[in-house]
Amino acid sequence: MPRVLFHKHGQVFEDEVKDNTNLVVRAGIKQFPYPNLRYECGMGKCSKCACRVLAGAEHLPAPNWKEKKQLGERLDQGYRLACQLWISHDIELAQDEEIAA
C-alpha cells in the first residue's frame with residue numbers, strides 16, 4: 001500500500017492508502033488527508049488542490065491538459081493537482097497556505 005507524506009501548516013501528516021487512491025476523493029469522505037488538504041471542485045477546474053511533489057514524481061503520469069491549463073509554469077516547480085492524481089506508489093506532497101491562481 002502506498003505511503004503518503006503530506007506537509008502543511010508546518011506539520012507532516014502520514015498514512016497509507018489503498019493502491020489507485022485519489023486524495024481529494026478521500027478528503028471528500030473525511031478520510032486522510034482530511035481536513036488538511038485544501039480542495040474545492042475535484043475536477044481540475046479551480047487549482048485549489050495544487051500540491052508540490054517532494055518525492056515520488058517519477059511514478060506519476062505526465063500532467064494532463066487540465067493540469068497544464070491550471071498550473072502553467074508551476075508544473076516546472078513540481079506542482080500537480082491532487083484531484084488529477086491516482087496514487088499507486090509512495091509519494092510526498094506539500095501544500096502551500098495559499099497559492100495564487
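By convention here, the first residue in the shown sequence is residue 1.
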Open item on the list: Rounded at 0.5 Å granularity, tell me how far CG in Leu5 sits from CG in Leu93.
Closed with: 8.5 Å

Open item on the list: Return the CD to CG distance between Gln11 and Asn36, rounded to the nearest 0.5 Å.
Closed with: 7.0 Å

TODO: Anything under 30° is parallel, anything over 60° is perpendicular, the rest tilted; go ahead and classify Phe13 against Phe6.
DONE: tilted

Task: Spatial distance of atom CE (Met43) from atom NZ (Lys66) [nearest 0.5 Å] - done: 7.0 Å

- [ ] Measure across Pro63 and Glu67 and return the closest heavy-atom pair with its distance rounded to 0.1 Å.
- [x] CA-OE1, 3.3 Å

Task: Tyr39 with Leu85, same ILVMFWY side-chain cluster at under 4.5 Å - done: yes

TODO: Any pair with a residue in residues 16-38 that passes ring-ring contact (aromatic ring centres under 6.0 Å, His included), sequence neighbours left out, goes on the list, sorted by first then second residue, please.
DONE: none

- [ ] Work out which heavy atom in Leu81 is nearest to a heavy atom in Ser47; give both atom names and the distance.
- [x] CD2-CA, 3.6 Å

Task: CZ-CD distance between Arg38 and Glu97, expressed to the nearest 0.5 angstrom - done: 7.5 Å

Open item on the list: Going by side-chain hydrogen bond (donor to acceptor under 3.5 Å, both in side chains), name the residues that satisfy it together with Asp19, two or more places apart in sequence or in a different chain.
Closed with: Ser88

Open item on the list: Please find the pair of heavy atoms, one from Cys46 and one from Gln70, that lie closest to each other, and give the distance.
Closed with: C-OE1, 3.9 Å

Task: From NE2 (His59) to CD1 (Ile87), nearest 0.5 Å - done: 11.0 Å

Task: Closest non-hydrogen atom pair between Val24 and Cys49, with its separation - done: CG2-CB, 4.0 Å

Open item on the list: I need the minimum non-hydrogen distance between Ala82 and Asn22, along with the two atoms involved.
Closed with: O-ND2, 3.5 Å

TODO: For Ala55, check side-chain contact (heavy atoms from CB on, under 4.5 Å) against everything at least two apart and list the hits.
DONE: Glu92

- [ ] Kindly give the heavy-atom pair with the smallest separation between Ala50 and Leu71, and that separation in Å.
- [x] CB-CD2, 3.9 Å

Task: Any Arg26 side-chain heavy atom under 4.5 Å of Val4 side chain - done: no

Task: Reported CH2-to-CG distance for the pair Trp86 and Leu23, which is rounded to 0.5 angstrom - done: 10.0 Å

Open item on the list: Less than 4.5 Å apart, side chain to side chain, heavy atoms only: is that true for Leu60 and Ile91?
Closed with: yes

Task: Sole residue of Arg52, Lys8, His7 in side chain to side chain donor-acceptor pair (under 3.5 Å) with Gln95 - done: Lys8

Open item on the list: Check this for me: Gln77, atom CD, are more than 12 non-hydrogen atoms of other residues, nucleotides or ligands nearer than 6.0 Å?
Closed with: yes

Task: side chain to side chain contact (heavy atoms under 4.5 Å, CB included) evaluation trace for Val17 with Arg3 - done: CA-CA 6 Å; Val17 298; Arg3 178 157 294 292; over 6 Å; no

